[in-house]
2 protein chains.
Amino acid sequence: MAPPHAQKITPRAKDFSEWYGDVIAQAQLADYSPVRGCMVIRPHGFRIWELMQRALDDMFRATGHRNAYFPLFIPMSFLAKEAEHVEGFAKEVALVTHTRLRATGKSGSGAIAVDPTSALEEPLVVRPTSETIIYAMFAKWIQSYRDLPLLLNQWANVVRWELRTRLFLRTTEFLWQEGHTAHVDEADAEREARTILGIYRRFAEEWMAMPVLTGVKTEGEKFAGALRTYAIEALMQDNKALQAGTSHNLGQNFAKAFTVQYQTAAGGLEYVWNTSWGVSTRLIGGLIMTHSDDNGLVAPPKLAPVQVAIVPIWKTDEEKQQLSAVGYRVKQDLEKAGLRVELDARENIKPGAKYFEWEALGVPVRLEIGPRDLASGQTVLARRTGGKAPVPLATVVNAVTTALDEIQAALLTAARERRDKNSTRGVTKAQFIELMQLASGGGFAYGGFGGSPSCEAEIKEQTGATIRVLPDPEFRSKEVPRNCMWCGAPSIAEAVWAQAY
Amino acid sequence: MAPPHAQKITPRAKDFSEWYGDVIAQAQLADYSPVRGCMVIRPHGFRIWELMQRALDDMFRATGHRNAYFPLFIPMSFLAKEAEHVEGFAKEVALVTHTRLRATGKSGSGAIAVDPTSALEEPLVVRPTSETIIYAMFAKWIQSYRDLPLLLNQWANVVRWELRTRLFLRTTEFLWQEGHTAHVDEADAEREARTILGIYRRFAEEWMAMPVLTGVKTEGEKFAGALRTYAIEALMQDNKALQAGTSHNLGQNFAKAFTVQYQTAAGGLEYVWNTSWGVSTRLIGGLIMTHSDDNGLVAPPKLAPVQVAIVPIWKTDEEKQQLSAVGYRVKQDLEKAGLRVELDARENIKPGAKYFEWEALGVPVRLEIGPRDLASGQTVLARRTGGKAPVPLATVVNAVTTALDEIQAALLTAARERRDKNSTRGVTKAQFIELMQLASGGGFAYGGFGGSPSCEAEIKEQTGATIRVLPDPEFRSKEVPRNCMWCGAPSIAEAVWAQAY
């Protein structure tokens, strides 16, 4: 692993956005590419994504889903078949229109241009999401109720032509999974959408140590083409919300647009009910902004590419030999226990510089071992999140696994406490206006909502805040708000507002 | 798992190409999509790809490679920087030129078109391969010899605008891995290219049970922009060759085009040496055409999505209960041993129909168990490749794992024997001409090659055959050919010709 070149990280308090970029650069998670809005995910960042994939994929599989792969390109006319859907994506699609380049200018000059004779009859859209192409296939595959439910998922890249991009959070191309399912009736589709929301929540909390609210989106914030959109929403350290995953009950909208019908047991013909759901590399942005500090990345142990860094400390060549050998043995023991470990025996770099690097990379546990430690049969276990204590070499595996479990749990607790501290319930309009200026606090604002789209739009226009979710019962306030906190109309549901990414 | 709707498979002898399509359809491996040349990889086929990925990824990781992800889009001007490279790909690229759609015609009519005001300043190429975008990043990351070797790999989709497509073998979009590395000198790059070729060979033989020749490509057949291209080549059942993987020593061609330089230990400035290498979903086509038969897919056990299908046989409800319970227990025992197992307790489908389906899906081992088997404490183990014998229930796990190992080994042996039987050494021109008409045999033809590109081109034009490789020493004939089998000039190397996919 190449060491990050040490640079100073801008403190969060000074400039959160600069800090975010610095953490990513120092931990070598991602980089800007020469293509506007597209990022390069570097090995350390990609490993986090792979670990996320593995965990999520296991959960999808355990609930009966199977992976497949559908084309990158979607005929333009397909997108148009579902009216809301095309409206939602028309302004941000990459369009393939030609298929050949030709040389221009002198031979060998290397000058090339699009060959105008290679125009496609029908332009192709680089998938911004795959409902249309997938349900076109479902129409072919689904004949009878015996083919249902059909529970598929794909891991893929998608493209949305974004003008304001930020690494991981909003990029023109991003990686994600998109689940697509078909069901016999609304109840079964609703159950599926809810099952997935539960998986997303469990993944966010148990793996990312990122607490989330769950709930339903308003009409104005739902997915283009969905009946209902459910979401998990997290609160970042700058008190802005991050939509971290969505699960849609699509109703029969796409089934009707693509004629996905099945024969019922009684012999009738019915449209299927669909769901779709996804999480993306945006989660890595959420992970960073939930836990990291002014020294760089803090990775929750379950998703840390490197969980333990072993740093032997020596002065003489003999000590070097001896301590590296011990370090190697400890590495092997830890790896046998299933941990991801690096031994840092690089020469010409001082231990302090090494510590600094492993911290920036977010490694949860560091083991330091010098001649005196070895003499007393111990190693010093330092936690990325603070605290340092000697542990006997004889029981180091146990000490490390315990420390990793404790760190994982402590990160979730700390994040939950921060989130709750920055949640204000029963807000009045005046409170709300002040709160939604981030300098005054930000966070999640709970209040009554009258259900009027125009009221919702006005709030967004005047304060920038949006309804993140109408929260599920367990997140609702004990006192049910009677009136819309903005317009005073009778409240139809409690809502959670925030400034959002 | 949804049962494939039983249809007849065209025999290989009648029409190999039809047979190939039928096997894919029956095993539900892939399907044509509404996008010209793009395929849908269905769950059963995608699972094979995932198993392939897992095995290869482990091998790459064990040799020090790390995964990363680079943008789907490449600025048109990047492609032009390496002259041979752009020439090789200019005629088959998907070009993104616009980024918005707009409604046309009446509001609500759904008619849309490309918005001409959204034209990009510089068109983007959907990656046909990623050398140019990756080496542009290498130029940014590599400073000193300490940063070398840089050993990266990415799993990605790529697009080449192919006019004649066939599922898995040649599709407009396909999935692959592409490794990209940078080294201090030619020797290190050469070692890397060879290491990867060895991994590809090992994977083909040990996992796919597909024997391959290794060797170097001629100038005419090498990768556009490479110094040297190495390849693994397999022989399909129709006696056509399949290029199954390539590993390129790129020399300093791309390093010079993208100014990828490093500071040497002595303080000088040098260009790096690059390699790139890839295998794709084409391997699934190779797997199918190596082993499958007129009853459908034959999957080598190590890559079979389902390794064991258990079919309980009953007449009464009581028997059904009892045998399904036994089947479930056997399934659990086999899964504990790490096997991929399905229990087929579907009602209203006769055992014979079930056997037929599992055969078409390529499942290597089937366990049949009826009331009489149960009474004598046994189950009948049937092999997809032929043979059926009772085994005691008490030792079924051992019997199944042994059978799977034997089948895996037997498939490789059979394929190797078939390949060798269809290899002709020391061909004369007359023999060659006859051989290269597939009806007369096809296969691999070994002969002397004078090294003349025009001779190579003439052979291709007159016979359709191409040099697959100049084989590595272990594959060469004992008798070294003295003269070019075609033009009679002194031979510079033995070559292996074939008709190829």
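Chain letters run A, B, ... following the sequence lines, proteins first, then strands; residues in each count from 1.
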Counting heavy-atom pairs under 4.5 Å to chain B, which of A:C38, A:A80, A:P43 comes out on top?
-> A:P43
Quick one: what part of A:I134 sits under 4.5 Å from any heavy atom of chain B, side chain, backbone, both or neither?
-> neither
Could you state the interatomic distance from NE2 (A:H44) to CZ (B:R66), rounded to the nearest 0.5 Å?
-> 7.5 Å
Name the region of A:P123, side chain, backbone, both or neither, that has any atom closer than 4.5 Å to a heavy atom of chain B.
-> side chain
Could you tell me which residues satisfy ring pair (Phe, Tyr, Trp, His ring centres under 6.0 Å) with B:F138, sequence neighbours excluded, listed by chain and number?
-> B:Y135
What distance separates A:N157 CG from B:F73 CZ, expressed to the nearest 0.5 Å?
-> 8.5 Å
Given a strict heavy-atom distance threshold of 4.5 Å, which part of A:A94 is in contact with chain B: side chain, backbone, both, or neither?
-> both
Looking only at B:V86, B:D31, B:V114, the option with the highest number of non-hydrogen pairs under 4.5 Å against chain A is B:D31
What part of A:M137 gets closer than 4.5 Å to chain B, counting heavy atoms only: side chain, backbone, both or neither?
-> side chain
Between B:R102, B:M39, B:M76, which has the largest tally of heavy atom pairs under 4.5 Å with chain A?
-> B:M76
When the 4.5 angstrom heavy-atom criterion is applied to B:L150 and chain A, the contacting part is neither
Chain A contact via B:A156 - side chain, backbone, both or neither, heavy atoms under 4.5 Å | neither
Option in A:R146, A:R47, A:Q154, A:R36 with maximal non-hydrogen atom pairs under 4.5 Å from chain B = A:R47
Under 4.5 Å heavy-atom distance to chain B, tell me which part of A:K140 shows up: side chain, backbone, both or neither.
-> side chain
With chain A as the partner chain, list the residues of residues 171-182 of chain B whose heavy atoms fall under 4.5 Å from it, by residue number, and write 'none' if nothing qualifies.
-> B:E173, B:L175
Would you call A:V35 and B:L72 a side-chain contact if the rule is heavy atoms closer than 4.5 Å?
-> no
Shortest non-hydrogen contact between A:R100 and B:L95, atoms and distance = O-CD1, 3.3 Å
Taking the six-membered ring for Trp, are B:Y69 and A:F46 parallel (under 30°), tilted (30 to 60°) or perpendicular (over 60°)?
-> parallel
In terms of heavy-atom pairs under 4.5 Å, which option from B:P34, B:A68, B:G64, B:S77 contacts chain A the most?
-> B:A68
d(A:S118 OG, B:E92 CD) to nearest 0.5 Å is 12.5 Å
Do you know which of A:N67, A:T97, A:L79 has the most heavy-atom pairs under 4.5 Å to chain B?
-> A:N67
What distance separates B:T99 OG1 from A:E162 CD, expressed to the nearest 0.5 Å?
-> 11.5 Å
From CH2 (B:W155) to CD (A:E50), nearest 0.5 Å = 10.0 Å
When the 4.5 angstrom heavy-atom criterion is applied to A:R160 and chain B, the contacting part is neither
Contact part of A:F89 toward chain B, heavy-atom cut-off under 4.5 Å: side chain, backbone, both or neither?
-> neither
Heavy atoms of other groups near A:R61 CZ, more than 12 under 6.0 Å = yes
B:L101 side chain near A:V93 side chain, heavy-atom distance below 4.5 Å | yes
